[in-house]
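Data block below; observations after.
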Amino acid sequence: MATKFELSDLIRTEHFIDGKWVASIGGKRFDVTNPATGEVIATIADGGEADARAATDAAARAFPAWRDALPKDRAAVLHRWHALMLENADVLGRLISLEQGKPFAEGRGEVLYGASYVAWFADEATRIYGDLIPQQQRGKRMSAVKEPVGVVAAITPWNFPLAMIARKIAPALAVGCTVVGKPAEDTPLTALALVMLAHEAGVPPGVLNLIASSRESAVPAVADWLHDGRVRKITFTGSTPVGKYLARESAETLKKLSLELGGNAPFIVFDDADLDAAVEGLLVSKFRNGGQTCVCPNRVYVQSSVYEKFGDMLAKRVATLKVAPATDSAAQIGPMINARAVDKIARHVDDAVSKGARTLTGGKRLTALGPNYYAPTVLADATSEMQLSCEETFGPVVPLFRFEDEAEAIHAANDTPFGLASYFYSQDVRRIDRVSRQLEAGIVGINEGAISSEAAPFGGVKESGYGREGSKYGLDDYLSIKYLCQGGLD
Ligand code: SIN
C-alpha cells in the first residue's frame, strides 16, 4: 500500500460518504480557486440537504460498532492517521498553500500542528475514566461512566483548513463518536485529502463522512444537520453571527455545541515590558497566517511613556515582512483569502485614517502582486471610535491605542463582547498576577505570542463561544455522563 502521495492523488473532487467518493445527489459542482491568482484549482461536488442527510445516515449506521470498538483499537487507527499526515506533510502543506494562500512554511507547520491533535487524542482515547461513587446506601452501587454522544457534525473555517478539522475529528473518533463534516467553501480540498488519509489509516466506512458545499449550498446542508435529531453535537469554528445561528437553530433538538468564535484580541504593552520581546511576540501572534487567525491581536494597547518608541520599533520590523505568493520561498505573508476579506481590511484602514490614525507603515493594497494582497500595516493614534476597535479586521493591520494606567488598559481590553485570546507584556510579577486574573478571555498569553498547543485548552468566554479544544478537557464536549445505579446487592 502506497503511503506517500503526490499532490494529484490528494486532490479529491467528490464527497466522502460511507467509505466511498460520491458525486452530489443533485449533480451540482463548484470551483475552488487559488487566492493568489484566482485560477481554478478543481471543480468539485457541491453538497446540499440530500448529501448532508446521506452523510448522517451513514454516520448513524456506523455509530454502534465504532462506539463498541476497544479504545486501543480506535487509538491505533488514529496513530496510523497521524503517521500518514506526517509522511505527507510536504504535499499537504503545498495543498494548504494552494487553496488558502499561506506561505509553504506555514502550510507545512499547520500540518504538524493539526497532526499533533491527532496524536494527542489517540493517546487520550485509552484514558477516558468514569467514577465509582462512594457507597451511600446499603445494597446499592452507584457509578458514572462516560459515553460518546453519537453523531457529531463538524463545521470548519478556511483559515486553518487542516488543523481545525483535525482537532474536531480526532477527539470525536477517539471517544467513539462518528462524524459528518463540512469544510469552508474556500478551502475544502485539504479536508478532503485529510479524510482520504483517514480512510487509508483504517477508519471504517461511515465513521467519518465529509461533504463539500458552496456558499449557497452550505446553508441547507447545515440546516439538515441542525434539525436532525440523530446529530447529537455540533462543533464549529467561525464567526459569532454564524455561531449564534447554529445555537438557535439546533435548540429544537437540544444538541451539545462547541463554538469557537470571533476574537478581537487585545495585546497590552506595559511600560515595564521588555519591548524587544513584546515586538517579537506581537509579530508572531499578529502576522501568523497574515493576520487571519481568531487569536490574532486586533487591538494593541501601549502605555503612554513607551508608546512612540514601541511604535517605531514595531513599524521598522513590520516594514521588512515579505509579502508574496506561497510559491515564493521567501514569502512571510501571502494573499488574503478572497476579495471580501481585502475589502474589509481596506475599509477598516480607510475608516481609521479618516478619523485621525497615522500610518507608520503599509496602509495600502499591493495590487502589483494580485487583487488579494494587502501591505502589513501599523497605525498609530487608534481610538475606540474606529471600526477596527470593535470589529475583527482579520488581516495584517496593527492599530496602536495609547493608555495611561493599568486600570484603563484592562477596562479597554475587556470592553468588547468577545473573549477568546488576550496578551500582555510586563516584567512585574504582581502586575502579571493582577492582570491575568482580570482579563476576560479564555486564553491569556503572558510575555508570549505563540499560545496554541494540542496540550492546552483552546476556547473562549462571552461571545467568543464555549467548549474547549485540545488538552484533557477537549474530550468532554464529545462525551455524556451516564449514571448507573445497581440495586439488590445485599
Ligand atoms: C483559529 O484561528 O481559529 C485557530 C488558531 C489556533 O488554533 O491557533
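Whatever order the structure lists ligands and atoms in, that order sets their numbers, starting from 1. Because the structure is predicted, anything quoted here is derived from the model rather than measured.
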*Under 3.5 Å side-chain donor-acceptor pair for Glu87 and Thr3*: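 Side chains of Glu87 and Thr3: pair found under 3.5 Å.
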Side chain, backbone, both or neither: [X] near ligand 1, heavy atoms under 4.0 Å:
X      : answer
Asn159 : side chain
Ser452 : side chain
Glu454 : neither

*Quick one: look up the protein heavy atom nearest atom 7 (O) of ligand 1 and list residue, atom name and how far away it is.*
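Going by distance alone, atom 7 (O) of ligand 1 is nearest to Tyr113 OH, 2.7 Å.
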_atom 2 (O) of ligand 1 - nearest protein heavy atom and its distance_ = Cys294 N, 2.8 Å
Can we call the ring centroids of [X] and [Y] under 6.0 Å apart?
X      : Y      : result
Phe403 : Phe270 : yes
Trp120 : Tyr113 : no
Tyr301 : Phe401 : yes

_With a 4.5 Å cut-off on side-chain heavy atoms, are Leu366 and Tyr374 touching?_
no
[X] heavy atoms, cut-off 4.0 Å: which ligand 1 atoms fall inside?
X      : result
Phe458 : 4 (C), 5 (C), 6 (C), 7 (O), 8 (O)
Thr293 : 2 (O), 5 (C)
Phe160 : 2 (O), 5 (C)

*All ring-ring contact (aromatic ring centres under 6.0 Å, His included) counterparts of Phe310, not counting sequence neighbours*: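 ring-ring contact (aromatic ring centres under 6.0 Å, His included) check on Phe310 returns nothing, list empty.
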If you measure every N/O of [X] against every N/O of ligand 1, is any gap under 3.5 Å?
X      : result
Thr237 : no
Arg167 : yes
Met164 : no

_side-chain hydrogen bond (donor to acceptor under 3.5 Å, both in side chains), paired with Ser258, selected from Lys233, Glu469, Lys168_ = Lys233
*Cationic tip of Lys146 within the cone over Tyr129's six-membered ring, i.e. under 6.0 Å and within 45° of the normal?*
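No; the conditions do not both hold, so Lys146 does not lie above the ring face of Tyr129.
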